[in-house]
Amino acid sequence: MSAPLTASAAAAAIAPGARPATGFWRRALRHRSFVLGAGLSLLVLGAALLSLVWTPWSAYDIDVASKLHPPSAAHWLGTDVLGRDIVSLLLVGARSTIMVGVIAVGIGLTFGVCLGLIAAARKGWIEELIMRLSDFTFAFPAVLSAIMLAAVAGPGMLTSTTAIGIFQIPTFVRVTRGSANAIWAREFVLAARAAGKGSFRITIEHVLPNILSILIVQATIQFALAILAEAALSYLGLGTQPPQPSWGRMLNDAQTLLFQSPMLAVYPGAAIAIAVLGLNLLGDGLRDLLDPRLARER
Amino acid sequence: MSGAPLIEVKDLGVRLNTSRGPAQAVRGVSFALRRGETLGLVGESGCGKSVTALALMGLLPESAVISGSIRLDDTELVELPDKAYCKLRGNRISMIFQEPMTALNPMHTIGHQVAEPLLRHTGVSAAEARQEAIALLDRVGLPDAAKRIDAYPHQFSGGQRQRITIAMALACQPDVLIADEPTTALDVTIQGQILDLIAGLVEERGMAMILISHDLGVIAENVARMMVMYGGTVVESGETNAVFTRMGHPYTQGLFRARPRLGARKGTRLKTIAGTVPELADLPAGCSFADRCAIVEQRCRVALPAVVDVGASHGVRCIRTDVSMAAGDVGA
Ligand SMILES: Nc1ncnc2c1ncn2[C@@H]1O[C@H](COP(=O)(O)OP(=O)(O)O)[C@@H](O)[C@H]1O
Ligand code: SF4
Ligand SMILES: [Mg+2]
């Protein structure tokens, strides 16, 4: 039984990152912005999950008689102009926020990564076409495309989120193509081609796994951007429609009462800030933690 | 050692897109190899050795223009569609690279990477491929192959990794093996072991091998025939013994004088060939070595010198072999 022991001891001596999982978490828990970012993001996720099973009051019931109440034991953060409980609205709003992020990033990631991988694998005029198309989309202001889409499909969360997702495709295309091209230039890809692998297999087996960490980091940041964009669109009345609560809508509702009840704007504003800050810190943390140069000190 | 050649290259030319426009990276390379024969390609860095190798493998960038002919048995490889090439690579013609650190994918186990070509090119089952991979890793001298087959590349040393890439390249019993500076990135003490391993495998399996190196010593000890490359052309070629006995080209002579010698006192300056290998776009007209040659004449720059036979199948691409070979004892 001594042989496997020496073998693994030698392996451990050569590379401290031999068991990546444990090493990752040990370093992660010591990484300040990762911990803070993960904490804030989990807070938002927790709020959304909680709202599925419990909210202090219904977030949909209008009770004009008890409108604009200050914070109290019954309504911890008070009520809005329609008498809805702020805490409940924030909790349900977290759900919309996460939905928006998941759908928008889902669209951007799926299409963007596929196109970016194709561009890197195929080169030539296909790459040229994909990049010109994504430049074109990128040059189109997000809000404008959201307004146009809203004009066609009617305003609503799905419309605005789809518009945001489409707008995110070019970003993912660029990031994917850039990092995939770097992998294609690596010698192990040449070796894989020398071993007879085609471009599809190389993309799946060599390129994608090696750019995954970059994509994860980018997705985190795009998630935050999607949340901000949706809040802005909801604020403009193009996003989530009443009675569905959303943080952007809450801001929109609060603006007419900005001098009367300024806190109505502060709460959703703070919620958006927490989500965006949390995701950005998480992205930064992941960038450090997943960087192979730092992860595998040779 | 008889019969038709396994691989036959005729007047191979490669035109590449460089940052300064298209340029001829390789010109007029010809050779033929039968089973079990070995050929060395030697020259300083930037002389076109790797480009020649990649042309044989069909791995040059799409923008590269390849002329001439590369025949593997009866198949013409120039202009062969990539689909068909994929079936040959790793299966009939295989390549080992310089950097074992980077030639393996960090994300996959070594067992996966060695078994993979077997699974793709032959009809074996996953379990059989794994057994075969263990046997191969054992054969290339990886200690504890059966136990370490599920380890990742970063858990091995440079020499071990090169053994793994050799196993990978040989998995499907290729007929032709190209080894591009297989030991350049390795420790001197390990270089010999790896070269011996490759030589052993080549003999055992009757492969044809093209060994690329910038080191004349490596070539001298490992191949029967050699070609000296400079500026994309073969400036001297012949039996290794013949070339080392009577070096005909001023460049070969310069390489020989500049070789590092064991036992030389520390601090002794190496003799070097004056100047550096030109970039492709700066290659002089006529003889590509003209800018660095000590006995250059005006007529050297007029046209690419023809190959002069200076012995049995010993050719030199120089118009002044009468002068360059007169001294006779350049090696001393
Ligand atoms: N993909 C490429 N595109 C443009 N130029 C290249 C490419 N690959 C190699 N070259 C150039 O071709 C010349 C020969 O390179 P190479 O064959 O790699 O030399 P070596 O003999 O060191 O292997 C060099 O000048 C190099 O810069
Ligand atoms: S042809 Fe002229 S320049 Fe070229 S190697 Fe011979 S002597 Fe030198
Ligand atoms: Mg090279």
Side-chain angles (χ1 to χ4, degrees), chain A residues 1-21 23 121-128 181-213 290 292-293 295-298, chain B residues 50 53-54 56-63 82-83 85-108 112-114 116-118 120-121 143-144 146-148 151-158 160 164-165 168-172 174 178 180 185:
Chain A
M1 274 320 279
S2 71
L5 266 182
T6 37
S8 59
I14 293 164
R19 260 169 279 139
R122 281 272 164 261
K123 296 273 189 295
W125 66 269
I126 295 180
E127 178 176 37
E128 196 65 19
N181 273 341
I183 301 295
W184 272 99
R186 296 272 294 273
E187 209 168 50
F188 65 77
V189 169
L190 202 59
R193 293 175 64 204
K197 280 190 203 174
S199 55
F200 180 75
R201 291 192 73 101
I202 289 177
T203 297
I204 299 297
E205 287 181 19
H206 298 264
V207 178
L208 198 53
N210 281 293
I211 66 168
L212 205 58
S213 60
L290 296 176
R293 273 167 304 175
R296 289 198 199 104
E297 321 99 300
R298 254 188 291 175
Chain B
S50 295
L54 292 175
L56 300 186
M57 295 293 295
L59 289 177
L60 285 169
E62 212 132 286
S63 55
D82 201 58
K83 271 245 158 60
Y85 232 129
C86 276
K87 294 211 177 80
L88 299 178
R89 287 187 211 121
N91 192 19
R92 301 218 45 210
I93 177 165
S94 223
M95 183 159 172
I96 306 169
F97 294 85
Q98 174 171 341
E99 282 287 340
M101 306 296 161
T102 51
L104 293 167
N105 186 336
M107 309 291 292
H108 294 297
H112 173 91
Q113 298 188 57
V114 174
E116 219 277 332
L118 283 166
R120 196 155 17 80
H121 289 304
D144 256 341
K147 278 169 192 136
R148 303 196 68 191
Y152 287 85
H154 70 267
Q155 295 171 272
F156 296 89
S157 68
Q160 288 174 332
I164 297 165
T165 61
M168 223 173 117
L170 297 189
C172 294
I178 302 174
D180 189 355

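A, B, ... follow the sequence lines: proteins, then strands. Residue 1 opens every chain.
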Max heavy-atom pair count under 4.5 Å with chain A, selected residue of B/Glu116, B/Met168, B/Met57 = B/Glu116
Exam field: side chain B/His121 to backbone B/Arg89, donor-acceptor pair closer than 3.5 Å | yes
Hits for side-chain hydrogen bond (donor to acceptor under 3.5 Å, both in side chains) against A/Lys123, two or more places apart or cross-chain, chain-then-number order -> A/Asn181
Would you please go through residues 191-201 of chain A and name the residues with a non-hydrogen atom below 4.5 Å from one of chain B, in numerical order?
-> A/Ala191, A/Arg193, A/Ala194, A/Ala195, A/Gly196, A/Lys197, A/Gly198, A/Arg201
Which one of B/Gln98, B/Lys87, B/Glu99 has the most heavy-atom pairs closer than 4.5 Å to chain A?
-> B/Glu99
Mind checking what makes ring-ring contact (aromatic ring centres under 6.0 Å, His included) contact with B/Phe97, not counting sequence neighbours?
-> none
From the list B/His108, B/Met95, B/Glu62, the residue making the most non-hydrogen contacts under 4.5 Å with chain A is B/His108
Listed by chain and number, what are the side-chain hydrogen bond (donor to acceptor under 3.5 Å, both in side chains) partners of A/Asn210, not counting sequence neighbours?
-> B/Asn105
Atom OG1 of B/Thr165 and atom CG of B/Leu104: how far apart are they, to the nearest 0.5 Å?
-> 6.0 Å
Rounded distance (nearest 0.5 Å) linking atom CD1 of A/Ile202 with atom CG of A/Leu208 = 13.5 Å
Evaluate side-chain contact (heavy atoms from CB on, under 4.5 Å) for A/Ile183 paired with A/Phe188, printing each intermediate quantity in order.
-> CA-CA 9 Å; A/Ile183 301 295; A/Phe188 65 77; 4.1 Å; yes
Given that the side chain runs from C-beta out, which part of B/Leu54 has a heavy atom under 4.5 Å from chain A: side chain, backbone, both or neither?
-> side chain
Is there a side-chain contact between B/Arg148 and B/Gln160 (heavy atoms, below 4.5 Å)?
-> yes
